[in-house]
Amino acid sequence: MSVIYTKSVPGRRGVKLPGCDVPVDHEIPENLRRREDAALAELSELDVVRHFTELSRKNFGLDTNFYPLGSCTMKYNPKVMEKIAALEGFSQLHPLLPQLYGGCMLEQGAIAVIFELEKLLCEITGMDAFTTHPMAGAHGELTGMMLIAAYHKDRGNRKTEVLIPDEAHGTNPASAAIAGYEIVTVPTGDNGMLDIDTLSDRLNEKTAAIMLTNPNTLGLFNSQIEKVAAMAHHYDAQLYYDGANLNAILGKFRPGDARFDVMHVNLHKTFATPHGGGGPGAGPVGVKRHLEPFLPISRIRKRTDGTYALDYDYPKSIGYIAPFYGNFAVCLRAYAYILLQGRQGLIDVSEHAVLNANYILASLKEQFHAPYPDRCMHECVLSAVKQLEAGVHAVDIAKALIDYGFHPPTIYFPLIVKEAIMIEPTETENKETLDRFIEAMKKIAYKALDDPQKIKKAPKSTPVGRLDETKAAREMDFNYIDCKP
Ligand SMILES: *Cc1c(COP(=O)(O)O)cnc(C)c1O
């Protein structure tokens, strides 16, 4: 695949413009005018269409193949969600439409969607109130930590530390640090669970919060959570739930019931919305009653006549964290998706997501080292340490998968597993696809020992093979775009 400039032929045109029949404006100062023509590619329209169509076919996405990126929950986004998000009554709204009822009549439908979504999220998670404003999971974490800080300030608590397990997603310590806290790390035991004794040692009067992911980033569910909650609450520390992995627990476990005080949900990892490449997403935050006064404004109030108002009168609120109501189109997809699935549908989602991950774990634990081999939730962690004996790393296995048509799984995360390969199939993949993936992984495991050099040269089927990724990012080659035929 070559860049479009290499296909350029001087004088070739895609469009023919008529001669200029108005006076040419020479107001552009001499020093700002081009000395020579811009180095644009010269091609016919058909050449351009074929070039970009060919490029688009090289795009990898869920619409083309299996994308088992652990922790990212790359589940299929039903196309009907896109139709709903594009409905004119929603997509043509502007949040600054003239105010009627403290929000335009036209806007009432959109506000109703948010209001109802908040209620559904409360029911799904067992929390008392939600805000849909945060624009991503990490933004939700930051919002949650700001709520906790506001709560402690209001109570006159002097708290400086947040406890976070070492397997946590990197955004957890980052969010707590941005909210002004010092991070205290809690190690994970050999069984992949939080080390409760160390947690107990590191918990004290200074602890503002404990941030937990459950199931954790190893794909394991911690059933000692109520004990941790009691320990935290003893010091008036707040228990934060990173709900990015909600796809594993719908209808099975509610963080609110396990006495978590605040949580975020990654709508884009559980309730439709395609993601990858940086967004868009939404990270609504749910809280228990005692944290509700601190939620960001605006909040939605339903009037007695059934209309909705945006309410700004919350003196203890942390204020604005995003304009209006967050990424509305993502919230809309989530609302429609939840209604589409219904109660039983959501339970099925989680059961199938967990079944699929366990099927992969059980099928591959001979060929790959499985540090936690017994049972997983929505994702499973393997390790390439066996293959490492032949010099083959997790990254080599990931690259080799590309030649079989699969997107590589997440690798080298969680950090605490050496040569980690983290696979999250999601519920939307069928058994045939999982079997093809498992077969490819087995072939790669065999080749890794039989002909390691071959694996280290993969991928072979892509326009470019192995890149020096650091060099590619740090020393970008801008020159080629100037190249003339
Ligand atoms: C994805 C993820 C996040 C961050 O969510 P973003 O929407 O990418 O900001 C946080 N925690 C966990 C466990 C995640 O998987």
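Along the sequence shown, the residues carry numbers beginning at 1. In listed order, ligands and their atoms are each counted from 1.
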Do any nitrogen or oxygen atoms of ligand 1 lie under 3.5 Å from a protein nitrogen or oxygen, and which ones?
residue, atom, partner, partner atom, Å
ligand 1, 5 (O), Asn266, ND2, 3.0
ligand 1, 7 (O), Gly137, N, 2.8
ligand 1, 7 (O), Asn266, ND2, 3.3
ligand 1, 7 (O), His268, NE2, 2.8
ligand 1, 9 (O), Gly137, N, 3.3
ligand 1, 9 (O), Ala138, N, 2.8
ligand 1, 11 (N), Asp242, OD1, 3.3
ligand 1, 11 (N), Asp242, OD2, 2.6
ligand 1, 15 (O), Ser71, O, 2.9
ligand 1, 15 (O), Ser71, OG, 2.7
ligand 1, 15 (O), Lys269, NZ, 2.7

So, are Glu123 and Arg343 salt-bridged, with charged N and O less than 4.0 Å apart?
->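 Yes.
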
Is it true that Glu292 and Arg289 have a side-chain N and a carboxylate O under 4.0 angstrom from each other?
->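 Looking at Arg289 together with Glu292, the answer is yes, because their closest N to O distance falls below 4.0 Å.
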
Could you tell me which non-hydrogen atom of Met377 sits nearest to which non-hydrogen atom of Leu220, and how far apart they are?
->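 That closest heavy-atom pairing would be CG-C, 4.4 Å.
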
Give a yes or no on whether the backbone of Ala86 and the side-chain of Ser91 come within a donor-acceptor separation of less than 3.5 Å.
->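 Checked: pair present.
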
Kindly indicate whether a cation-pi arrangement holds for Arg299 with Tyr314, taking the cut-offs as under 6.0 Å to the six-membered ring centre and within 45° of the axis.
->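 That pair qualifies as a cation-pi contact.
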
Compile the donor-acceptor pairs under 3.5 Å between side chains in residues 244-252 and protein atoms, sequence neighbours left out, one pair per line.
residue, atom, partner, partner atom, Å
Asn245, ND2, Pro215, O, 3.1
Asn247, OD1, Lys75, NZ, 2.9
Asn247, ND2, Glu427, OE1, 3.0
Lys252, NZ, Glu351, OE2, 2.5

